[in-house]
Amino acid sequence: MQTSTKEDNPGAWSDMEIAQRIARGDQSAFEFMMRRHNRPLYRTARSILKDDAEAEDVLQEAYLLAYRNIGKFRGESALSTWLTRIVINEAIARSRKSRRRAEIIRLDSDNTSPLEYEVAEVNMNEAINVATAEQPESVVLRAEARRMLERQIDALPDVFRTVFVLRALEEMSVDEVSRCLDVPEATVRSRFFRARGMLREALAREIDFVYEEAFSFDGARCDRIVAGALDRVKNLQADQA
């Protein structure tokens with residue numbers, strides 16, 4: 001029985017080894033790198049562009065750019081951070097072009113002062129549990145909750161949305177997000193705090209609206225109950241006659 005070696009076990013390769021293999025033209029290493037980082041990088045691009053197809057295009061462009069420049073990777077940060085910065089730059093460039101607007105989308109500044117918030121960890125499950133009103137057994141409700149959450153994340157202002165996606169969905173540390181966006185850690189904390197607050201408020205408003213329509217009673221159900229009760233009254237009257 002042959003034992004697995006590090007050579008044929010990509011999961012054991014370091015970031016630097018992966019980069020070096022790609023630089024030597026190892027296509028399998030390149031494919032491994034893409035599959036390992038596909039989901040977080042797609043989410044990052046999607047958080048900026050708010051469009052599935054655009055995010056896929058940008059991710060492919062970013063991978064091509066990474067492939068051409070992989071020799072410049074020195075391991076000073078994680079490979080995931082290096083790739084994320086490429087994706088962010090490409091997504092911002094695509095966003096500027098597609099929107100055809102003069103103002104520049106800046107992820108390194110906003111109109112709020114950096115605040116030192118020690119924010120508790122937030123994750124996707126917390127938001128989904130609120131949105132589904134504690135009914136995870138319902139596939140339909142989970143799907144609607146996911147769509148509701150995605151809509152509200154898309155509605156966040158640019159400077160807050162990407163920070164929220166990186167921190168909450170991808171569970172990056174404050175330091176990692178700071179490196180990816182090239183902003184101070186205090187700014188990452190401030191934006192994450194603001195984004196989480198805005199998202200909770202938006203979800204609460206949408207859930208309040210849904211409450212009004214929960215267990216809808218008008219229409220066919222109302223007619224069916226009334227008709228059934230009338231039939232029983234008629235039968236009762238007939239028995240008493």
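Quick caveat: nothing in here was measured; it's all calculated off a predicted structure. Only this structure's heavy atoms are used, side chains among them; waters, hydrogens and symmetry mates stay out.
Atom-to-atom distance recorded for Ser47:OG and Leu156:CG is 10.0 Å, nearest 0.5 angstrom. Distance check, rounded to the nearest 0.5 Å: CZ of Arg191 to CE of Met198 gives 10.5 Å. Here CD of Gln60 is found 6.0 Å from CG of Asp57. Values are rounded to the nearest 0.5 Å. Atom CZ of Phe192 sits about 13.0 Å away from atom CZ of Phe160, to the nearest 0.5 Å. Atom CD1 in Ile18 sits 12.0 Å away from atom CZ in Phe30 (nearest 0.5 Å). We find the CE-CG distance between Met33 and Asn38 to be 9.0 Å, quoted to the nearest 0.5 Å.
Looking at Arg161 and Asp158, a side-chain N of the basic residue comes within less than 4.0 Å of a carboxylate O on the acidic one, giving a salt bridge. Comment: Asp154 engages Arg46 in a salt bridge, judged by a side-chain N to carboxylate O separation of less than 4.0 angstrom.
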task = Apply side-chain contact (heavy atoms from CB on, under 4.5 Å) to the pair Tyr63 and Leu41, showing each step before the final yes or no.
result = CA-CA 10 Å; Tyr63 279 140; Leu41 294 179; 3.7 Å; yes

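The salt bridge (Lys or Arg N to Asp or Glu O under 4.0 Å) test applied to Glu185 returns Arg189, not counting sequence neighbours. Residues passing the side-chain hydrogen bond (donor to acceptor under 3.5 Å, both in side chains) test with Gln20, sequence neighbours excluded: none.
Taking every heavy atom of both residues into account, Ala12 and Glu17 meet most closely at O-OE1, 4.1 Å. Nearest approach of Tyr67 to Gly25, heavy atoms of both residues: OH-CA, 4.2 Å.
At distances below 3.5 Å, not a single donor-acceptor pair connects side-chain atoms of Asn69 with backbone N or O atoms of Lys72. The closest donor-acceptor contact from the side chain of Thr44 to the backbone of Pro40 lies under 3.5 Å. In this structure, Glu56 contributes its side chain and Ala53 its backbone to no donor-acceptor pair below 3.5 Å. Panel note: side chain Arg39, backbone Arg36; no donor-acceptor pair is recorded below 3.5 Å.
Contact of the Val163 side chain with the Val159 side chain is not registered, since no non-hydrogen atoms from C-beta on lie closer than 4.5 Å. The shortest distance between side-chain heavy atoms of Leu169 and Ile153 falls below 4.5 Å.
Hydrophobic cluster membership is shared by Met16 and Ile70, with clusters built from Ile, Leu, Val, Met, Phe, Trp and Tyr side chains linked at under 4.5 angstrom.
Counted by atom type alone, Asp26 and Ser28 present one or more donor-acceptor pairs between their side chains at under 3.5 Å.
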Just distance, no hydrogens or angles: give the donor-acceptor pairs under 3.5 Å from side chains in residues 77-92, sequence neighbours left out.
{"unit_1": "Thr84", "atom_1": "OG1", "unit_2": "Ser80", "atom_2": "O", "d": "2.6"}
{"unit_1": "Arg85", "atom_1": "NH1", "unit_2": "Arg179", "atom_2": "O", "d": "2.4"}
{"unit_1": "Arg85", "atom_1": "NH1", "unit_2": "Cys180", "atom_2": "O", "d": "3.3"}
{"unit_1": "Asn89", "atom_1": "ND2", "unit_2": "Arg85", "atom_2": "O", "d": "3.2"}

